[in-house]
Amino acid sequence: MPIEIGLWRVEDEKPIRLRSQGAPKEAQLEQLIEADPTILGEPLLVIGRQVPTSYGTFIDLLAVDADGVLHVLELKRDRTPREVVAQVLDYGSWVTGLTHDEVLQTYASYKEDVAFEEAFAECFGTNPPDELNTAQRLSVIASEVDAATERIVTYLNTGFGVPVNVVFFRYYMDDGREYLARTWLVDETTAPGRTVPRRRTASREEWNGTDWYVSFGEETSGRNWDDARQYGFVSAGGGEWYSRVLQKMPEGARIFVNIPKNGYVGVGTVTRPAVRFSDAVVTVGGEATKLKDCDLKGIYERPGETDDTAEYVVGVDWIVTRPRTDAIWQRGMFANQHSACHLSNKFTIDRLTELFKLSEE
């Protein structure tokens, strides 16, 4: 049964139905969605328009949601049911193979003046997930479709979990104002074919094997960045979850240090593996000195500590540091709750390389 969209104006406590004017031209509808993709029902970041595939065809709009799922948005353009459904499925099969880097390249070709990470953070209020394109959703956009198209899409979506759907737009005019009405063929909140997962490993940014991210969480009764800058170390502890990853950083690793809620404050090279604070040694005036014997502002030892709960210290030869008041932070930069982890976010590395002037070191 064909989908019907109705719109009424309430006047003198009576409903007055507005007559549909059909739909905007497809090019105009494409522009409206590109300008504000939330009209589809959820926040989306458009990453490409008329995206070329490897088969000589072009995807009308390609977008990503907050979970990193890619959305193929294809206008019907008066094609037959078999043609439009086959086309969007073909696009979905191609999009499934896009790697993390290819997604970023697609966006870069679409918008050269804003980095993907910045645009993502602006759109969703958070940084991109570590993996992109872990699933896909396919949407046919139309003012109307025939019963055969409805039957095919419903069959694929509800019967086999294929993430394909149809979104309908109708156009109304009333008292000089223009309106768009929207509905979905299959309820998006309950559709079993909402997303289909793919192999996750192919969509993660590749780690260069050298760079690490370190979160240096300052505490009023704990570690202090001034100590770390002066004596050449980073530390974490208070539980195995915090110290375990710190112990995985090898000598020679390059670390980028971030103070949560401040920004990046230092880049250095690991010179000594993680040890308990009580055993940590630093170099002061050219001589090896116990860190606990130095004049420290922070507190790194507490009564009753065990190997699991103690503070652990990693020796660092600083390349460049900044005071916390001069920390570097830019929307879209990588941040993580772990004490340390691999840093594979190219946007963050590139921006910090530039802002810390590492290429000049």
Side-chain angles (χ1 to χ4, degrees), residues 3 5 23-81 83-98 102-111 116 119-120 123-124 128 132-145 149-150 152-154 156-157 162-171 180-189 191 193-196 198:
I3 292 289
I5 303 175
K25 293 182 180 179
E26 288 176 330
Q28 182 185 3
L29 186 54
E30 187 175 324
Q31 291 172 355
L32 291 172
I33 295 172
E34 182 183 27
D36 185 8
T38 60
I39 64 175
L40 296 173
E42 65 177 302
L44 292 174
L45 173 65
V46 174
I47 64 172
R49 183 175 181 182
Q50 295 301 310
V51 178
T53 70
S54 302
Y55 315 122
T57 53
F58 296 84
I59 299 173
D60 287 335
L61 291 170
L62 188 62
V64 63
D65 64 25
D67 296 322
V69 174
L70 291 189
H71 292 241
V72 174
L73 310 174
E74 185 66 12
L75 278 72
K76 182 174 179 292
R77 301 192 189 282
D78 297 322
R79 286 173 290 197
T80 66
E83 287 174 336
V84 70
V85 174
Q87 187 72 79
V88 76
L89 291 175
D90 187 37
Y91 289 157
S93 70
W94 179 78
V95 167
T96 298
L98 292 179
E102 287 170 334
V103 172
L104 298 185
Q105 289 167 10
T106 298
Y107 178 82
S109 298
Y110 172 64
K111 281 198 173 179
F116 172 80
F120 192 98
C123 181
F124 303 111
L132 298 174
N133 198 20
T134 56
Q136 304 80 37
R137 287 170 60 187
L138 317 175
S139 299
V140 176
I141 299 167
S143 58
E144 59 183 8
V145 293
T149 302
E150 292 183 23
I152 293 169
V153 170
T154 303
L156 291 172
N157 190 307
V162 179
V164 60
N165 208 341
V166 178
V167 57
F168 298 93
F169 282 97
R170 300 295 284 173
Y171 176 65
L180 276 179
R182 184 213 73 220
T183 191
W184 290 90
L185 175 62
V186 181
D187 185 354
E188 283 287 281
T189 61
R194 183 172 175 82
T195 58
V196 169
R198 56 158 294 170

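Every heavy atom of this structure was used, including side-chain atoms; hydrogens, water molecules and symmetry mates were not. Note that this is a predicted model, so its numbers are computed, not measured.
Without hydrogens or angle criteria, Asp67 side chain to Val69 main chain gives no donor-acceptor distance under 3.5 Å. Of the possible donor and acceptor atoms, none in the side chain of Thr57 sits under 3.5 Å from a partner among the backbone N and O of Thr53. Remark: side-chain polar atoms of Asp60 are not paired, donor with acceptor, to backbone N or O of Gln50 under 3.5 angstrom. In this structure, the side chain of Asp65 does not engage the main chain of Leu44 through any donor-acceptor pair within 3.5 Å. Under the 3.5 Å distance criterion, the side-chain polar atoms of Arg182 are matched with a main-chain donor or acceptor of Ile39. Between the side chain of Asn165 and the main chain of Val186, a donor-acceptor pair closer than 3.5 Å is present.
Counting heavy atoms from C-beta on, the side chains of Leu70 and Val103 come closer than 4.5 Å. In this structure, Val167 and Val140 have side chains that are not in contact, with every pair of non-hydrogen atoms separated by 4.5 Å or more.
The nearest pair of heavy atoms linking Thr134 to Gln136 is C-NE2, 4.4 Å. For Gly92 against Leu138, the heavy-atom pair with the smallest separation is CA-CD2, 3.6 Å. Across all their heavy atoms, Val88 and Val72 have their closest contact at CG2-CG1, 4.1 Å.
Distance check: Ile47 CD1 to Leu61 CG gives 10.5 Å after rounding to the nearest 0.5 Å. Rounding to the nearest 0.5 Å gives a distance of 6.0 Å between CG of Leu156 and CG of Leu89. From Ile141, atom CD1 reaches atom CD1 of Ile33 across 3.5 Å, with rounding to the nearest 0.5 Å. To the nearest 0.5 Å, the span separating CG on Leu62 from CD on Glu74 amounts to 11.0 Å. Put simply, OH on Tyr91 and OH on Tyr55 are 11.5 Å apart, with the number rounded to the nearest 0.5 Å. Here the straight-line distance linking atom CD of Gln87 with atom CG of Leu75 works out to 12.0 Å at 0.5 Å rounding.
Ring orientation note: the planes of Phe124 and Phe120 are tilted relative to one another, at an angle of 30° to 60°.
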Kindly indicate, with the supporting measurements, whether the criterion side-chain contact (heavy atoms from CB on, under 4.5 Å) is fulfilled by Tyr110 and Val46. CA-CA 9 Å; Tyr110 172 64; Val46 174; 3.6 Å; yes

Quick one, Val95 with Ile59, criterion side-chain contact (heavy atoms from CB on, under 4.5 Å). Give me CA distance, side-chain angles, the key distance, then yes/no. CA-CA 10 Å; Val95 167; Ile59 299 173; 3.7 Å; yes

Begin with the C-alpha distance, continue with both residues' side-chain angles, and end with the deciding distance and a verdict on side-chain contact (heavy atoms from CB on, under 4.5 Å) for Leu73 and Leu40. CA-CA 10 Å; Leu73 310 174; Leu40 296 173; 3.7 Å; yes

What's the verdict on side-chain contact (heavy atoms from CB on, under 4.5 Å) for Val64 and Tyr107, showing C-alpha distance, side-chain angles and the deciding distance? CA-CA 10 Å; Val64 63; Tyr107 178 82; over 6 Å; no

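For residues 44-59, the pairs satisfying salt bridge (charged side-chain N to carboxylate O under 4.0 Å, His left out) are Glu30-Arg49, Glu34-Arg49, with sequence neighbours left out.
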